[in-house]
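Can you read through this structure? Questions will come right after.
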Amino acid sequence: MVLNRLFFVLCASLVLLLCACVPADHGETTIPTAPDFSAATTVPVSAPTESVVHQPAEPKPTEPQETRLQREGEPLGVEEIADLMQLLTDSHSWYPTILKFPFDSPAEINCYNLFCNGAPGEKPFEPTDEERAYLTGLHGEEYFRLEVDCIDRSVMYEVLSTYFALTDEEIPTLSTEGLTYMEETDRYYSDQNSSNKIAPLITEAYVLPDGNIAVYFCDYSQYRIDGADWSSQYRAVFRWEEDHCVFQSNELIYDPYAP
């Protein structure tokens with residue numbers, strides 16, 4: 001009897017001990033999974049974060065307001081503009097020189113600008129002894145430190161009459177400052193050696209209501225270096241007469257180097 005009671009006590013103690021080792025049941029057991037950070041870490045494209053600051057891009061130079069003139073007339077087509085380009089860029093013609101210098105009317109033409117390098121396509125000038133003596137007498141030996149160019153007065157008058165419709169009475173009123181005239185040869189001389197030509201790149205052209213043609217162009221020599229936004233831009237107006245252009249104006253509508 002005593003043994004039975006002792007066995008019962010041992011079994012009861014063992015049961016109590018096992019129950020103490022079992023954790024309390026707090027509900028259904030779940031298996032933990034990796035946290036989903038996608039919702040928390042996704043940042044809308046339009047909302048900048050503190051770690052990534054998008055600086056605004058430097059404003060790229062755009063076509064100045066002055067060049068956005070109201071276009072009028074009938075626009076020329078691509079082939080017509082190509083024909084004009086071929087004509088106005090001919091280095092053996094007067095056009096690249098005429099288009100380099102702005103003027104509001106033919107009465108403002110500066111003869112020094114047009115004729116300081118002589119006539120296009122001519123051979124280098126070789127002065128006679130009389131010409132050299134005359135020019136050095138006026139300007140000293142330094143006058144011939146580089147090349148000297150000349151142009152006959154008759155050629156000058158022909159150019160001004162042909163391309164600007166100026167008369168023999170109007171031409172003498174134009175400025176010839178910077179040129180030296182020699183009566184014995186009836187020529188003008190210059191020691192200017194910088195180029196007086198432009199490389200016009202036509203961007204637009206229109207036939208105006210009065211029949212004249214307005215050509216918008218930029219200086220291609222500047223365009224190749226800095227791009228169109230930093231090249232001089234012009235608007236030239238002329239009319240056709242036989243096989244050449246007669247110019248009324250050449251307006252500088254944007255000067256990238258102006259203060």
Side-chain angles (χ1 to χ4, degrees), residues 59-122 158-166 174 192 194-258:
K60 186 178 180 180
T62 56
E63 188 179 11
Q65 187 66 34
E66 291 82 357
T67 67
R68 297 172 186 166
L69 304 176
Q70 179 64 41
R71 307 312 199 226
E72 60 176 337
E74 185 69 24
L76 296 184
V78 174
E79 293 183 0
E80 294 170 306
I81 290 179
D83 291 340
L84 275 179
M85 277 287 296
Q86 185 175 5
L87 175 71
L88 299 179
T89 58
D90 182 2
S91 61
H92 290 85
S93 73
W94 285 100
Y95 297 123
T97 298
I98 292 172
L99 295 174
K100 182 176 178 65
F101 303 100
F103 57 91
D104 292 331
S105 71
E108 297 181 2
I109 292 297
N110 186 304
C111 292
Y112 176 78
N113 290 338
L114 284 183
F115 305 114
C116 64
N117 290 160
E122 284 193 345
E158 181 182 0
V159 170
L160 294 170
S161 172
T162 300
Y163 297 103
F164 302 98
L166 291 168
L174 303 179
Q192 170 61 261
S194 298
S195 174
N196 64 343
K197 298 179 183 294
I198 193 176
L201 176 62
I202 299 176
T203 57
E204 298 176 80
Y206 298 85
V207 178
L208 303 177
D210 60 5
N212 291 328
I213 297 175
V215 173
Y216 295 81
F217 64 95
C218 63
D219 187 346
Y220 185 55
S221 61
Q222 297 173 357
Y223 174 84
R224 287 180 296 177
I225 298 173
D226 299 318
D229 294 326
W230 292 104
S231 63
S232 301
Q233 299 176 32
Y234 300 78
R235 177 183 185 268
V237 177
F238 62 86
R239 71 174 186 270
W240 285 110
E241 190 168 304
E242 297 179 355
D243 59 348
H244 62 275
C245 305
V246 178
F247 290 87
Q248 281 85 57
S249 63
N250 185 36
E251 180 185 3
L252 179 62
I253 57 179
Y254 174 60
D255 182 0
Y257 304 105

Contact between L166 and L174 at the side-chain level, heavy atoms closer than 4.5 Å - yes or no?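 L166 reaches L174 side chain to side chain.
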
L88 vs F217, test: side chain to side chain contact (heavy atoms under 4.5 Å, CB included). Steps then yes/no. CA-CA 11 Å; L88 299 179; F217 64 95; over 6 Å; no

In Å, rounded to the nearest 0.5 Å, how long is the span from NZ of K197 to OG1 of T89?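 Going from NZ on K197 over to OG1 on T89, the span is 11.5 Å.
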
Determine, using ring centers only, whether Y163 and Y95 are less than 6.0 Å apart.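 That pair passes the under 6.0 Å test.
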
Does any part of the side chain of W94, heavy atoms only, come nearer than 4.5 Å to the side chain of T162, both counted from C-beta?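 No. Closest side-chain heavy atoms not under 4.5 Å.
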
I need the minimum non-hydrogen distance between S91 and P120, along with the two atoms involved.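 For S91 and P120, the tightest heavy-atom pair comes out as O-CB, 3.7 Å.
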
Heavy atoms, side chains only, cut-off 4.5 Å: are F103 and F164 in contact?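 Result yes, sub-4.5 Å side-chain heavy-atom pair found.
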
Heavy-atom distance under 4.5 Å between the side chains of W240 and C245, does that happen here?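 The answer is yes; the side chains approach within 4.5 Å.
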
Nearest non-hydrogen partners of H92 and G121, listed with the distance: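 That closest heavy-atom pairing would be CD2-CA, 3.9 Å.
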
Distance-only, no hydrogens or angles: does the N117 side chain make a donor-acceptor pair with backbone N or O of Q192 under 3.5 Å?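 Yes; judged by distance alone, with no hydrogens or angles, the pair exists.
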
Smallest separation among heavy atoms of L99 and N250, with atom names: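 Scanning both residues, the minimum pair turns out to be O-ND2, 3.0 Å.
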
Nearest 0.5 Å, please: how far is CG in L114 from OG1 in T97?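 CG of L114 is found 7.0 Å from OG1 of T97.
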
Rounded to the nearest 0.5 Å, how far does CG of L208 lie from CD of Q248?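 The CD atom of Q248 sits 9.5 Å away from the CG atom of L208.
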
Distance check, rounded to the nearest 0.5 Å: S232 atom OG versus K100 atom NZ?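 Between S232 OG and K100 NZ, I get 8.0 Å after rounding to 0.5 Å.
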
Should C111 and L160 count as side-chain neighbours, where that means a heavy-atom distance under 4.5 Å?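 Counting from C-beta outward, C111 and L160 do come under 4.5 Å.
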
Taking side-chain hydrogen bond (donor to acceptor under 3.5 Å, both in side chains) as the criterion, tell me which of R235, E204, E251 meets it with Y216.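 When side-chain hydrogen bond (donor to acceptor under 3.5 Å, both in side chains) is applied between Y216 and each of R235, E204, E251, only R235 qualifies.
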
To the nearest 0.5 angstrom, please state how far the CG atom of D83 sits from the CD atom of E79.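 D83 CG to E79 CD: 7.5 Å, rounded to 0.5 Å.
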
For the pair Y234 and L252, evaluate side chain to side chain contact (heavy atoms under 4.5 Å, CB included) and give the outcome as yes or no after the intermediate values. CA-CA 4 Å; Y234 300 78; L252 179 62; 3.7 Å; yes

Evaluate the side-chain proximity of L76 to V207: yes if any heavy-atom separation is below 4.5 Å, no if none is.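 SC-SC contact between V207 and L76 confirmed.
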
Are N196 and N113 close enough that some pair of their side-chain heavy atoms sits under 4.5 Å apart?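 With C-beta onward as the side chain, the pair stays apart.
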
More than 12 heavy atoms of other residues, nucleotides or ligands under 6.0 Å from CD of E108: yes or no?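 Enclosed.
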
Nearest-0.5 Å distance that lies between atom CZ in F247 and atom CD1 in I213: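 Between F247 CZ and I213 CD1, I get 10.0 Å after rounding to 0.5 Å.
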
Does the pair Q233 and S231 meet the rule for a side chain to side chain donor-acceptor pair (under 3.5 Å), with working shown? CA-CA 6 Å; Q233 299 176 32; S231 63; 4.8 Å; no

With heavy-atom distances below 4.5 Å as the criterion, would you say the side chains of L201 and M85 are in contact?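 Contact flag for L201/M85 side chains = yes.
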
